[in-house]
Amino acid sequence: MSFLLEGLIKAIHLLLDMDPETYSAVWTTLQVSSGSMAASLLAGIPLGFFLGYHDFRGKRQVRIVVDTLLALPTVFVGLLVYAFLSRQGPLGSMGLLFTVPGIAIGQTILALPIVVALTATAVEGLDRQLQFTLVSLGADRLQLLTGTLWEARFAILAAALTAYGRVMTEVGISMMVGGNIKWHTRTITTAIALETGKGQFGMGIALGLILLAIAFAVNLSVSFLRKRA
Amino acid sequence: MSFLLEGLIKAIHLLLDMDPETYSAVWTTLQVSSGSMAASLLAGIPLGFFLGYHDFRGKRQVRIVVDTLLALPTVFVGLLVYAFLSRQGPLGSMGLLFTVPGIAIGQTILALPIVVALTATAVEGLDRQLQFTLVSLGADRLQLLTGTLWEARFAILAAALTAYGRVMTEVGISMMVGGNIKWHTRTITTAIALETGKGQFGMGIALGLILLAIAFAVNLSVSFLRKRA
Amino acid sequence: SAADSLTMATTTSTDNTGLLDELMPEFTKDTGIDIKWTATGTGKALKLGENCDVDVLMVHAPPAEKKFVDAGFGVNRREIMYNDFVLIGPPGDPAGISGKTVAEAMMQFEKKKAVFVSRGDNSGTNKKEIGLWKAAGLEVPDRAEWYVQTGQGMLSTIRIAAERDGYTLTDRGTYIKYSADHKGNPPLKVLVEGDAVLLNQYSVIVVNPDRCKNVKADLAEKFVEWITGDRAQQQIAEFRLLGQELFHPNAK
Amino acid sequence: MAEASLYRIRRLVHAYEGGTALRIDELAVRRASIVGLVGPNGSGKSTLLHLLGFIHAPTDGTILFKGQPAGPFSESVRFTVTLLPQESYLLKRTVWQNVRYGLQLRGHEGGQQDRVREALQWVGLEPDRFLHRKWYALSGGEAQRVALAARLVLRPEVLLLDEPTASVDALSAQRIKEAAMRARKEWGTTLVVASHDRQWLYEVCDNVLHLYRGRIFSNGEENMLFGPWRQRGDGRFETHDSDGASFVVDPPPSPDAVAIFGTDAISVSCERPSREQPCVEATISRLLWDRSTGQVIVSFLAGSRPLSARFSAEDIAEKQLYPGRTVWIGYDPGAFRWVE
Amino acid sequence: MAEASLYRIRRLVHAYEGGTALRIDELAVRRASIVGLVGPNGSGKSTLLHLLGFIHAPTDGTILFKGQPAGPFSESVRFTVTLLPQESYLLKRTVWQNVRYGLQLRGHEGGQQDRVREALQWVGLEPDRFLHRKWYALSGGEAQRVALAARLVLRPEVLLLDEPTASVDALSAQRIKEAAMRARKEWGTTLVVASHDRQWLYEVCDNVLHLYRGRIFSNGEENMLFGPWRQRGDGRFETHDSDGASFVVDPPPSPDAVAIFGTDAISVSCERPSREQPCVEATISRLLWDRSTGQVIVSFLAGSRPLSARFSAEDIAEKQLYPGRTVWIGYDPGAFRWVE
Ligand SMILES: Nc1ncnc2c1ncn2[C@@H]1O[C@H](COP(=O)(O)OP(=O)(O)OP(=O)(O)O)[C@@H](O)[C@H]1O
Ligand SMILES: Nc1ncnc2c1ncn2[C@@H]1O[C@H](COP(=O)(O)OP(=O)(O)OP(=O)(O)O)[C@@H](O)[C@H]1O
Ligand SMILES: [Mg+2]
Ligand SMILES: [Mg+2]
């Protein structure tokens, strides 16, 4: 139990003392998660809109597949991406293994089903009168997309935050694709795994708290989107 | 790359040959995830309903906290639960460390914020006329809850499936609290981590595919809930 | 720069002790070569070598290493240092192994059905343990109720052994850290040590540049040369973890 | 006396974030009466119905139901009072499931099928055609009537209807009127109905309350003159009407006050009255029969301003008031009541 | 000729999963005309408006707009045609943002403020009181009018209104009528309006189309007698009316067919006609003025069955048809047209 308190104190110290190892991991985490979130939202929101908005043959089947992909194990994704990025893999020449963009690719794959599934659900849940309204006011296809998404903004924000939580906390991909290389690809979560493996539970807790603090700051900074109107 | 194909073949073999190690891990995974899903839905749906339905002072703050908890790192949760269940911990006497219920407790903590946040968003997204309708037809508080949830069923199903994906794929808690003990608390994901650590990438892929197959079966079996009406 | 950067895969035990954090900056200082390392299980480290994803390996599983070299995946395997394994268990020693030889101890576990916690992860330590069962003329008790396979790292495995009042095989370095975490009074004590079979040999291997065109064999060779050189060997000998000597250099 | 009053309201105030929407000092609703609510948009009709339905608690004041205080979820009202909201909402289920939903809530399992069919017939929906429709496969008026059927099926003691006939066709509106009357007769149901369809309301109701800006003002005074008022040279004030149909009044209490008046404040004649008498020219647009009083309600358009007045059938015949006819409406500038 | 027709519809069919909701062989809408749509619930009015608004593509057939085929998102209609749906939907924004939304879509940044204020005034909402309200802080009728303002602000070439006055108060309904007329006058807007408020419709429209079961039947025939029909002893058929107001007809084509008829098929008298002439007793419930023709539309209640007929003002005066009066409606059993 004592390591919980120890972790809290340590977290404060790490932050205040500007511990360079910690800051390096924080920076890497921020880079990776921003990259993967940007990519997964950019690709996932339109896909989710399409899936939720349109009726087409086999839609239900597609939904089941997307929902199944919510259960993509991170190590599995890590292995998949590794297979492609490995020097002998088809994309090996790009030199993305053990790099920040490499991890971001893997995390994008992880986040995408969450963004797609929850956006589709959000769009499906909207009043179908909205559609008539937007079209009748003169919206083109893109404006229909943006207008619809804005109406569903609370639910889409929730989708993004859920995906963000997933991306921020995953270890498997960062380990497998990033290699947990100190000063380079060590993220907060791989550092937690490392410290915990070393028995440094207090340090693990401290890093976990730092991660939560970052998530809190991010949530706070997007909370204005929750305002009604 | 070759290990991807190898993994696919291996997955089929493991399933057809009824490999006892694999089946043991599958069984543990099913037990753990059923337990944690049952607990997190049972607690999370009413909490999410409350949070989405009622207006109270500090509601926005609570939402931010819940959303922040979406970014709970699994190892962090693992450490927390470990601190309580360890022999020296306050609940040590219950002997839950390195057991299936122990892991389920940790996973419940992991899944709870997802269920709460997404249920709250789903309930908030409902037409407020629904509330008037249910109350005016004579619903008591519990019937208001169930009636509302049924209207939001697509979104709540999505919440449950997202939480399920999270629970099925997490490694940190299963490792830390479960101990990845062969024949006892080894889940599919801890097995994947182990095999990957051993360099058995093909085996990792095979187990990942088995996990996805389970998730697919679960999704298929709840897909009737998607029917309109 | 990228050209002067070397990638190494190593096992968690070398990394967790802090040895690399001390040694590698010296290497960079001496040679101007930047080195990055990823710490994983022995099996995965070898796999990364086989897949040409790293340039050099630092591992401790001699039979697997030999296989690796024989298969043509690696060249220039050089032993660099060793430490030793110890058998630890509860101070009460219910299986009564204290003072016995390793082989006798293994038979005691079997006879008393004493809880024995194995890493079960194909790591160097795990391979050593399997070798010990075999050397004592026993089968690995895979499905025995008292044989707990964690599939986790050394420290977690020790922790599980402590929670279960069991025995386990560990490298000394991890045990020193473990006892330090418990302020020198750990719940598990060293019961068997010093046996010749408990030696833990570390080696470096260069990934075969004939198979892997991208491998920076020249830098890797420089690294091997450096770490087997006197200065590095000296530093290994001087490395202390919590005041205790941990690794014994033995480069030939 | 108290016995006869089902509802008794005292010093009721309800406010939204934007301000007070309802303020009623005193109001009693008798058992088995049918009360109508009329008033312009935003006058507080829906707010009052929500409060009578115990959907919300009021900001202030009390609503006694059968002499007892009650609130949302009170046992005394849960199965007794039911409201049809203005924007009726259908559950995402079939028509059958929607209509029987309230019966299910009451644990009323037997005979559901018959009661549901009967309720659908009451609102003019053929059960066989509609029972198995999904909620989205209905036209606007059909959906509205399904929602009403879901209330009628409950045979409630109190039925609160918010615009039950908006977007409903004439025949169905007729059916709904009969259903309301029958509910009162067969089950002693008390009804409170808000509607903009005054004829429908006058045909159904015993008593029609006029709301404006959240207040009830006396029955019978059906006309309102809205400001802003502009002062004239002679000290009097007048409305801005570009079409010449402006009214001249004594100084109003505030520039935005509203003048209200009933039939007794005006005189209608087919000839232009004397020069001194203030008057406006108007066209008769509609004659409605108020079945409850036997009177005829005449609607006028003074320019674009709708006005109305009540006459006996004899007056109508005598004065030859028929639609399309131009008349002169005389009034006394001091006879208006003011609402602020 | 073709020039004058803004819309030209040929062999239009629209079906939902449940069946065909609309089937129109031919229809043209002239430029700058105001066309009304009436018909019972479920007759296909909203469906037709959706198709005219190019919200959906029809199941079959063509709709030519200005002589060209068009469909959802066509450039030729995007900024030209706008629809007010029956259940109007406000975006989760303020009133200001809702009303200017369409202007934004058009990239029309300048002068938004003025146009939005003007549009609100047209529907009778004071801009200062409403501009900054949130979408949920509106009463039913206020919300409906905000939605209408969001269409008027666009000054569209074609304005399709689905029940614009449902749940709107009398004064505002009047304002909306004027706005419709003004749109036509100022911008040459063509309007198609569905409503159950016949008087309102007759006052606004050049031409009113009657729909029933997805088909348009000829103008002027406003009455419908619904089955099921029951055979009598004499071979004729009659409706089931418990209140004695049953009609007797020649054998209908099917038991569920609907008889339709206009004013010319009936005769109204205050005396009971001779024994041989089939007739029903009815009460006059309403007289409406149809401003476009100058005629008076008289509504009757035969039992609970609403009927209507048109008369000239002179007829009304002469026959002394005023609300509340009991009359006899004579008809010829063979003179009904049938719709199946
Ligand atoms: N949720 C709300 N928040 C803020 N203001 C509201 C809310 N609901 C209604 N109002 C305001 O309260 C007043 C009364 O509204 P109410 O809905 O009771 O009017 P109404 O008489 O039913 O009108 P209508 O004929 O349009 O249905 C209006 O001014 C309206 O704008
Ligand atoms: N989405 C839908 N799916 C299936 N059937 C539908 C759907 N929408 C409407 N219908 C059916 O199509 C027919 C025509 O509906 P429509 O909404 O056009 O009628 P309407 O004339 O506008 O009626 P109202 O006066 O009630 O608004 C009705 O029988 C209705 O039940
Ligand atoms: Mg209202
Ligand atoms: Mg309609």
Side-chain angles (χ1 to χ4, degrees), chain A residues 2-3 6-7 10 19-21 24 28 75 78-103 171-187 190-205, chain C residues 2-3 5-13 15-18 20-21 24-25 28 34-41 44-45 47-55 121 152-159 162 170 173-183 186 207 211-216 241:
Chain A
S2 63
F3 64 81
E6 180 200 328
K10 216 169 228 156
D19 175 62
E21 274 191 53
S24 160
T28 307
V75 188
L79 282 170
L80 273 185
V81 174
Y82 169 77
F84 281 84
L85 298 188
S86 160
R87 283 201 194 147
Q88 285 173 318
L91 306 177
S93 58
M94 299 175 70
L96 290 171
L97 193 67
F98 303 140
T99 65
V100 163
I103 309 175
V171 190
I173 297 168
S174 302
M175 273 291 184
M176 191 69 211
V177 182
N180 189 25
I181 297 171
K182 195 166 163 184
W183 307 118
H184 294 277
T185 58
R186 180 163 300 167
T187 62
T190 58
I192 297 176
L194 177 69
E195 295 298 337
T196 311
K198 286 203 251 176
Q200 303 289 340
F201 292 172
M203 188 68 180
I205 291 285
Chain C
S5 151
L6 193 63
T7 315
M8 174 171 78
T10 182
T11 60
T12 29
S13 53
D15 191 33
N16 283 0
T17 52
L20 296 181
D21 283 327
M24 292 306 139
T28 305
D34 194 21
I35 183 162
K36 298 180 196 163
W37 68 92
T38 178
T40 70
K44 185 174 159 195
K47 200 76 180 180
L48 289 173
E50 187 183 324
N51 287 345
C52 311
D53 290 320
V54 292
D55 307 309
D121 63 350
Q152 293 199 63
M154 197 64 249
L155 228 129
S156 308
T157 304
I158 297 176
R159 229 181 55 233
T170 171
T174 308
Y175 182 73
I176 292 172
K177 281 212 73 173
Y178 175 70
S179 45
D181 287 346
H182 287 82
K183 313 215 163 51
V207 174
R211 284 188 65 252
C212 303
K213 285 187 291 299
N214 297 320
V215 158
K216 295 171 185 139
L241 180 62

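Order of the sequence lines sets the chain letters (A, B, ...), proteins ahead of strands, with each chain counted from 1.
Neither the backbone nor the side chain of A:Glu195 comes within less than 4.5 Å of any heavy atom in chain C. Of the two parts of C:Leu48, the backbone and the side chain both hold a non-hydrogen atom closer than 4.5 Å to a non-hydrogen atom of chain A. Both the backbone and the side chain of C:Lys36 come within less than 4.5 Å of a heavy atom of chain A. When heavy atoms are compared at a cutoff of 4.5 Å, C:Thr7 approaches chain A solely by way of its side chain, counted from C-beta outward. Contacts of C:Asp53 with chain A are made by both backbone and side-chain atoms, with heavy-atom separations under 4.5 Å. Within the 4.5 angstrom heavy-atom criterion, only side-chain atoms of C:Lys44, from C-beta onward, approach chain A. Both the backbone and the side chain of A:Ile181 come within contact range of chain C, with heavy atoms under 4.5 Å apart.
Using a 4.0 Å cut-off between charged nitrogen and carboxylate oxygen, C:Asp55 and A:Arg87 count as a salt-bridge pair.
Two residues are said to be in side-chain contact when any heavy atoms from C-beta on lie closer than 4.5 Å; C:Asp181 and A:Phe201 fail this criterion. When side chains are defined from C-beta on, A:Leu79 counts as touching A:Met176, because their heavy atoms get closer than 4.5 Å. Considering only heavy atoms from C-beta on, C:Met24 comes within 4.5 Å of C:Met8 through its side chain.
With chain A as partner, the option from C:Asn51, C:Thr38, C:Asn214 having the largest number of non-hydrogen pairs under 4.5 angstrom is C:Asn51.
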Salt bridge (charged side-chain N to carboxylate O under 4.0 Å, His left out) assessment of C:Asp15 paired with A:Lys182: CA-CA 11 Å; C:Asp15 191 33; A:Lys182 195 166 163 184; over 6 Å; no

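No side-chain donor-acceptor contact under 3.5 Å links C:Lys177 to the backbone of C:Thr17.
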